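So the structure is just underneath, and the comments pick up after that.
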Amino acid sequence: MFEIPEYVTIARQMTESISGKRIAEGNLGNSPHKFVWYNVKPAEFAANIEGKAIGKAHTRGRWLFVPVGDDHILVFGECGGRILLHGSASMLPKKYHLSLRFIDGAALSATTQMWGAMELYERGKELERQYIRGMRTTPSDPGFSSAYLSDLVKEAIANGSKTVKAILTQDQMIPGLGNAIAQDIMFKARLHPKQPLPALQKNHVENLHRAILETLKEAIRLGGRNDEYDLHGNPGRYVRLMDKNAVGRPCPQCGTRIEKTAYLGGACYFCPTCQRFL
Ligand SMILES: [Zn+2]
């Protein structure tokens with residue numbers, strides 16, 4: 001699934017490569033998939049985008065916003081899979097869930113892996129959508145300070161989210177993070193995934209805050225994770241420290257063998273020495 005670094009990379013590449021391109025034709029895919037969330041019928045989608053130019057894409061959390069003309073916006077949300085630019089429409093993949101063909105002959109396709117939203121809104125109406133309306137401060141927002149994170153930890157404790165992994169990956173407390181990038185964040189912050197939040201002191205929260213921003217910055221710099229693909233079909237260059245390949249290998253800090261545990265809907269990879277319970 002895409003997390004902040006992959007979304008930021010695709011948005012940047014869209015701005016570089018398709019901003020200003022005019023749409024000749026759009027459609028909502030050739031392969032029905034019950035976990036793709038559409039909000040308009042194919043004919044309405046086609047009619048509202050054809051002849052319009054693509055604007056400058058931007059992201060928030062796990063949502064990608066692509067302006068279409070002056071009046072509409074294409075929204076990709078909580079997706080995994082591929083969003084790809086093709087030199088010509090003849091290069092579209094066999095199965096896809098959305099495509100745009102541009103008047104210069106290039107084409108864009110989006111194919112979801114598990115689920116995801118591919119929606120078209122009149123400009124401004126997307127902000128009323130569930131999960132976009134009321135989205136919490138994301139790590140890309142200026143308000144995501146150490147003090148903000150400290151307040152969020154207190155709120156999480158009050159609401160029953162009791163551990164470090166829970167605050168990083170559950171209920172969109174920190175929009176845009178997911179189970180993949182969270183593993184490296186917890187390692188860099190030297191916090192165990194199951195570490196109860198009430199034991200965190202000010203310095204632990206500061207370390208966690210720094211680890212979130214540094215890990216994201218590095219993954220964005222490297223064009224996203226190496227198990228996801230960018231707009232041009234190239235894998236990202238960010239190799240996670242803590243993933244399934246790390247299990248049993250020595251920790252890069254201390255040499256202890258990396259362990260795996262299943263917790264909160266996904267595997268956790270951690271160093272039992274560096275990430276001791278407080
Ligand atoms: Zn270690």
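Remember, it's a predicted structure, so these values are computed and weren't measured experimentally. When a ligand or atom number is given, it counts from 1 through the structure's own listing order.
- Within the hydrophobic cluster formed by Ile, Leu, Val, Met, Phe, Trp and Tyr side chains joined at under 4.5 Å, directly or through other members, Y269 is accompanied by F187, L241, M242, V247, I258.
- Sorted by chain and number, the protein atoms of type N, O or S within less than 2.8 Å of the Zn ion (ligand 1) are C251 SG, C254 SG, C271 SG, C274 SG.
- M1 belongs to a hydrophobic cluster with F35, W37, M114, W115, counting contacts under 4.5 Å between side-chain heavy atoms of Ile, Leu, Val, Met, Phe, Trp and Tyr, direct or through other members.
- Side-chain contact of D184 with Y238: a donor-acceptor pair under 3.5 Å is present, judged by distance alone.
- The backbone N or O of E3 lies less than 3.5 Å from a partner atom in the side chain of E6, making a donor-acceptor pair.
- For K165 and N179, the side-chain atoms include at least one donor-acceptor pair closer than 3.5 Å.
- Scanning for ring pair (Phe, Tyr, Trp, His ring centres under 6.0 Å) contacts around H58 gives F65, with sequence neighbours left out.
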